[in-house]
Protein chains: 2
Amino acid sequence: MTWERRKRARFVNSLSGFKSATLIGTYDSEFGSNLSIVSSVVHLGSTPPMMGFVLRPPGKDAHTYKNIKKTGICTFNHVNDRIIEQAHQTSARYPRETSEFEEVGLTPAWIDGWMAPSVEESRVKMGLTLIDDIELANGCRFMTCEVNWFDVESIGLCEDGFVDLNQLGGVTISGLDGYHGTPKIFRLSYAKTNLELKKMLNFDDGWDDNTDNGHN
Amino acid sequence: MTWERRKRARFVNSLSGFKSATLIGTYDSEFGSNLSIVSSVVHLGSTPPMMGFVLRPPGKDAHTYKNIKKTGICTFNHVNDRIIEQAHQTSARYPRETSEFEEVGLTPAWIDGWMAPSVEESRVKMGLTLIDDIELANGCRFMTCEVNWFDVESIGLCEDGFVDLNQLGGVTISGLDGYHGTPKIFRLSYAKTNLELKKMLNFDDGWDDNTDNGHN
């Protein structure tokens, strides 16, 4: 607790382990498009498909928060190894009327009249609707959303539903500013009390749901 | 929406990107120790140090949920590349009176009378107190906790507060059952509107907080 603020933030941000790297795209009719990197996206459920993410206590900037509250929608776009620096640069404090897309050099992609831009260079994109905006004990917000559409490059999609995010150049974040590759180790079969785990080394072999492996 | 349930679960679980791999240790005075892998731990704040994680809607099993509600405490233990299979196996449905530590072959470590076991083989462990138990729209719970103590192997601790989780054998999860290594790409300096990003290839060089880089 006696550490200097920045050192402390780096340390505590490391303690949660590896994180997703996601660009959130939003739009405001007055101020235009916004794009912001977050490392706090978590899976909440499959039926309906739900995800959540954490935002700092909304202050005067909080462009992502304000835009989502106003429009009720956003996009998630996975960061891959070709766009790490552009993605990281979105965290600079640009004025609200500035488009991070232009500033960092990413391409907005508008899909089917969805009023929030996705990222052309991202290989896993989706559109979401806000469900709840929950205030946490420290003033942060936990935003829960439903996935309404997705666009996943087909090369990453395995027969059994698994998406090979490593094949799609996916990266993971540690701490505030560490970026890591994601080489495959193995997939493991659904754990049962009376069965040995099976390893799958080739991720797109997939589990056979007609046997009892990989059951969820 | 027409995909078979397991295929669908695999797919949607992949869409949130890479996830932390954490073993949660809890204790019940009647049923003993419990250990359970989760992939939903997220950072919530540094002051005080706060984290959150998602649990399924509490059903008749829900041993982790019941134990935390009763004792108010738990431990987080990062999964590393030497204990992936043991960690995964904790997700099997063992009876409540069975200790997952014994079943999967991990060693409970009891620290300073903290009434929840940590995992000896883990290289980043911490003890946490429950702050809030929040019910989400789909019945899942978002549990928020404060970090009360930690134990990080010193080889991973960098001068500027960053923890080199890759150096400590850290792994990341994709989908329901994919495990990935985490080789370092680079750390990036704090983003500013008027500055080029700097790359740090050797993660423990650290940022100099007396210059304006790596500022948070």
Side-chain angles (χ1 to χ4, degrees), chain A residues 6-18 20 22 40-46 49-51 54 78 85 88-89 91-92 94 131-132 134 136-138 140 142 144 160-163 165-166 172 174-188 191-193 197 209 216, chain B residues 6-14 16-18 20 22 40-46 49-51 54 78 85 88-89 91-92 94 126 131-132 134 136-138 140 142 144 160-163 165-166 172 174-188 191-193 197 209 216:
Chain A
R6 285 171 283 189
K7 182 170 181 176
R8 179 187 173 81
R10 287 192 199 101
F11 180 76
V12 179
N13 268 276
S14 302
L15 289 184
S16 58
F18 289 97
S20 48
T22 309
S40 58
V41 166
V42 284
H43 170 87
L44 298 178
S46 302
M50 271 180 68
M51 297 193 200
V54 180
H78 286 204
E85 289 163 88
H88 189 80
Q89 183 62 31
S91 61
Y94 294 106
I131 298 176
D132 278 318
I134 300 165
L136 304 178
N138 63 356
C140 283
F142 188 60
T144 67
D160 73 347
F162 185 89
V163 181
L165 298 176
N166 170 251
T172 182
S174 71
L176 284 167
D177 57 22
Y179 291 86
H180 302 253
T182 57
K184 296 181 260 276
I185 299 175
F186 45 59
R187 292 176 63 188
L188 290 177
K192 299 205 153 197
T193 55
L197 290 174
D209 289 329
N216 175 39
Chain B
R6 285 170 284 189
K7 182 170 181 175
R8 179 188 172 82
R10 287 192 200 100
F11 180 75
V12 179
N13 269 276
S14 301
S16 58
F18 289 98
S20 48
T22 309
S40 58
V41 166
V42 283
H43 170 87
L44 298 178
S46 301
M50 271 180 68
M51 297 194 199
V54 181
H78 287 203
E85 287 162 271
H88 188 80
Q89 183 61 32
S91 61
Y94 294 105
M126 65 208 87
I131 298 176
D132 279 317
I134 301 164
L136 304 178
N138 63 356
C140 284
F142 188 59
T144 66
D160 73 347
F162 185 88
V163 181
L165 299 174
N166 171 251
T172 182
S174 70
L176 284 168
D177 57 22
Y179 291 86
H180 302 253
T182 56
K184 295 182 262 276
I185 300 175
F186 45 60
R187 292 176 64 188
L188 290 177
K192 299 205 154 197
T193 54
L197 290 174
D209 289 329
N216 176 39

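Naming: A, B, ... by sequence-line order, numbering from 1 per chain.
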Do the side chain of A:Glu85 and the main chain of B:Leu188 share a donor and acceptor less than 3.5 angstrom apart? no
What part of A:Leu136 gets within 4.5 angstrom of chain B, counting heavy atoms only: side chain, backbone, both, or neither? side chain
Is chain A contacted by the side chain of B:Leu44, its backbone, both, or neither, given a heavy-atom distance below 4.5 Å? both
Rounded to the nearest 0.5 Å, what separates atom CZ in B:Phe18 from atom NE2 in A:His180? 12.5 Å
Between A:Asn138, A:Val42, A:Val41, who has the most heavy-atom pairs with chain B when the cutoff is under 4.5 Å? A:Asn138
Close aromatic pair by centroid cut-off 6.0 Å: B:Phe162 and A:Phe11: no
Are the side chains of A:Thr182 and B:Ser174 in touch, meaning some heavy atoms are under 4.5 Å apart? no
For B:Val54, is it the side chain, the backbone, both or neither that has a heavy atom under 4.5 Å from a heavy atom of chain A? side chain
Heavy-atom distances under 4.5 Å only: say whether B:Ile131 touches chain A with side chain, backbone, both or neither. side chain
Bottom line for B:His88: the part with an atom under 4.5 Å from chain A's heavy atoms is both
Of all heavy-atom pairs linking B:His43 and A:Ser16, the shortest is CB-OG, 3.6 Å
Taking all atoms of both residues into account, what is the closest heavy-atom pair of B:Met50 and A:Ala137, and its distance? CE-CB, 4.4 Å
With the side chain counted from C-beta on, respond yes when B:Pro49 and A:Val12 share a heavy-atom pair under 4.5 Å apart, and no when they do not. yes
Among A:Asn166, A:Thr172, A:Leu165, A:Thr22, single out the residue with the greatest number of heavy-atom pairs under 4.5 Å to chain B. A:Leu165
Shorter than 4.5 Å, heavy atoms on both sides: which option in B:Ser40, B:Ala92, B:Gly181 has the most such pairs with chain A? B:Gly181
Under 4.5 Å from any heavy atom of chain A, what part of B:Asp132 do you find: side chain, backbone, both or neither? side chain
Just by distance, do the side chain of B:Ser20 and the backbone of A:Gly17 share a donor-acceptor pair under 3.5 Å? no
Report which part of B:Thr144 has an atom under 4.5 Å of a heavy atom belonging to chain A: side chain, backbone, both, or neither. side chain
Locate the shortest heavy-atom distance separating A:Arg10 from B:Arg187; write the atom from each residue and the value. CD-NH2, 3.6 Å
Which heavy atom of A:Arg8 sits nearest to which heavy atom of B:Ser46, and what is that distance? NH2-O, 3.0 Å
Need one label for A:Ile134: side chain, backbone, both or neither, based on atoms under 4.5 Å from any heavy atom in chain B. side chain
